[in-house]
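Shown next, in structure tokens, is the structure this report addresses.
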There are 2 protein chains.
Amino acid sequence: MIEPAADAPATAPADAAHGADAGINATTKAPTASRPRKTRSDKQRNRAHILEVAEEFFTEQGAASSLDAIAKRAGIGPGTLYRHFPTREALLAALLEARDEELTARRDAIVAEETDSARALERWLDALDTWASAFNGLPDPLRDALTTETSPLAMTCQGYVTTTDQFLAAAQRDGRAQPWVRGRELFLSVLATAWVRGAALADEASAQSLRAILRSGWALPD
Amino acid sequence: MIEPAADAPATAPADAAHGADAGINATTKAPTASRPRKTRSDKQRNRAHILEVAEEFFTEQGAASSLDAIAKRAGIGPGTLYRHFPTREALLAALLEARDEELTARRDAIVAEETDSARALERWLDALDTWASAFNGLPDPLRDALTTETSPLAMTCQGYVTTTDQFLAAAQRDGRAQPWVRGRELFLSVLATAWVRGAALADEASAQSLRAILRSGWALPD
DNA sequence: TAAGATTAAGGAGGTAGTCTCCGATTTGTC
DNA sequence: GACAAATCGGAGACTACCTCCTTAATCTTA
């Protein structure tokens with residue numbers, strides 16, 4: 001049996017909090033401490049549009065695309081882009097958040113369908129590989145996030161490391177994975193293979209082979 | 001027995017050709033077609049100094065250091081630096097050339113000392129790992145070189161891939177390495193582990209573990 | 001719905017890095 | 001020592017990142 005699940009990597013609702021908290025300070029008419037305004041509509045519109053355009057750019061030209069160019073194609077000034085997403089990592093995190101749902105779904109599907117714990121871990125690593133290969137050059141910021149602590153990507157990565165740990169623990173319990181391996185390293189190894197793929201634009205063969213090497217590296221026979 | 005060796009990755013002598021070819025066109029006194037001049041001394045001096053300073057910078061700040069900053073500390077203009085080394089890769093290649101001798105020596109030592117072909121391959125991969133970790137951020141240009149064909153680093157890499165292939169072939173003959181692995185992928189996997197190490201400035205534990213995963217990945221028991 | 005308050009947009013511009021071109025300088029040769 | 005060729009130096013064109021401050025859009029209230 002397998003049992004990772006229970007705590008997903010937490011898809012934060014981005015911006016909640018407006019409405020439902022009026023009337024608290026209605027006693028005084030002080031101009032300060034008034035009820036917070038509704039978020040301006042153009043802000044949300046811009047945010048959404050930036051994300052669309054960034055997805056395009058990153059897909060076509062990799063995760064290191066020029067942010068100014070993204071702003072220009074989105075028809076906004078650079079200041080607006082940076083106000084919404086102070087760093088490249090923040091922008092990437094927002095884009096990956098959209099993929100979070102899919103990855104979580106794959107995780108749940110694996111848990112539900114797979115009875116072989118080693119096979120389950122393998123499928124999960126496959127899913128992670130696809131995720132980390134969303135954009136060319138994505139492995140680099142992901143790797144950095146894993147050691148930076150204070151990155152918008154850090155939380156996301158940490159969640160997936162935890163999930164990896166759970167799949168791995170199950171496989172280890174069944175004697176199907178090397179006992180000395182840790183989830184963090186498997187996660188890093190997935191990033192590393194995705195990084196290798198990023199080189200060639202078409203060294204798929206090498207990436208495949210590397211995955212196989214890693215597979216036979218963490219696995220135990222039977 | 002092991003038998004890689006024979007053809008080293010070819011340490012090009014950089015600039016030969018001066019002297020020993022005079023008198024050929026001595027028949028006419030035509031101002032054209034005269035004997036080529038000796039290389040100017042300041043050129044060699046500058047080249048050497050650039051290499052010293054670049055070694056410093058790359059060691060301290062990684063392989064992505066500012067080239068203009070290197071030129072400035074070397075007391076020359078950027079144009080001079082770019083004339084000597086048109087690209088960052090050319091500069092890196094020149095620096096790595098200095099390490100070529102050491103790596104070749106390690107290869108020869110392994111060939112001479114090691115009777116266990118799997119152990120020999122392992123030691124060679126260790127040597128490569130040290131080589132690829134000479135500067136922070138070095139794995140990236142090395143990876144690119146492996147698929148660019150027309151990079152000053154490409155030849156160097158290709159030579160080491162060949163050496164890896166030879167050690168690997170020996171191990172495979174002895175049934176000590178997975179038969180489906182190729183030298184290119186092992187080389188890439190070394191780069192990948194070096195790349196992982198580059199993240200943390202100190203995630204040595206993960207890098208070690210990744211090496212172990214790879215080790216048990218390509219190896220066959222007994 | 002118009003005035004006032006506030007939030008957000010826009011974009012000029014400071015900083016930094018890459019790389020090139022050409023006038024000035026150094027060096028080798030006779 | 002003078003000439004010619006090779007090399008240097010660095011201004012500056014280009015691109016990218018990111019910030020600040022002025023202007024414009026939107027929300028609120030009457």
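Treat the numbers as computed from the prediction; the structure is a model and nothing was measured. Every chain is numbered from 1 and lettered A, B, ... according to where its sequence line falls, protein lines coming before strand lines.
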Polar contact flag, side-chain donor to acceptor under 3.5 angstrom, [X]-[Y]:
X        : Y        : result
B/Thr164 : B/Trp124 : yes
B/Asp100 : B/Tyr160 : yes
A/Arg197 : A/Ser133 : yes

B/Leu168 backbone acceptor or donor facing B/Arg182 side chain under 3.5 Å: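 Side chain of B/Arg182 to backbone of B/Leu168, a donor-acceptor pair under 3.5 Å: no, none is there.
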Polar side-chain atom of A/Arg99 near backbone of A/Ala134 as donor-acceptor pair, under 3.5 Å: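 Looks like no, no N/O pair under 3.5 Å.
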In whole angstrom, give the distance that lies between atom [atom1] of [X] and atom [atom2] of [N].
X       : N      : atom1 : atom2 : value
A/Phe85 : D/dT19 : CZ    : C1'   : 18 Å
A/Leu91 : D/dC18 : CG    : C1'   : 15 Å
A/Lys72 : D/dC17 : NZ    : P     : 12 Å
A/Ile76 : D/dC18 : CD1   : P     : 15 Å

Base versus backbone protein contacts along nucleotides 17-27 of chain C [heavy-atom cut-off under 4.0 Å; B, S, -]: SBBBB----BB
Is any side-chain N or O of [X] closer than 4.0 Å to OP1 or OP2 of [N]?
X       : N      : answer
A/Lys38 : D/dC27 : no
A/His84 : C/dA9  : yes
A/Asn46 : C/dA9  : yes

Min side-chain heavy-atom separation B/Asp68-B/Tyr82 under 4.5 Å: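 Counting from C-beta outward, B/Asp68 and B/Tyr82 do come under 4.5 Å.
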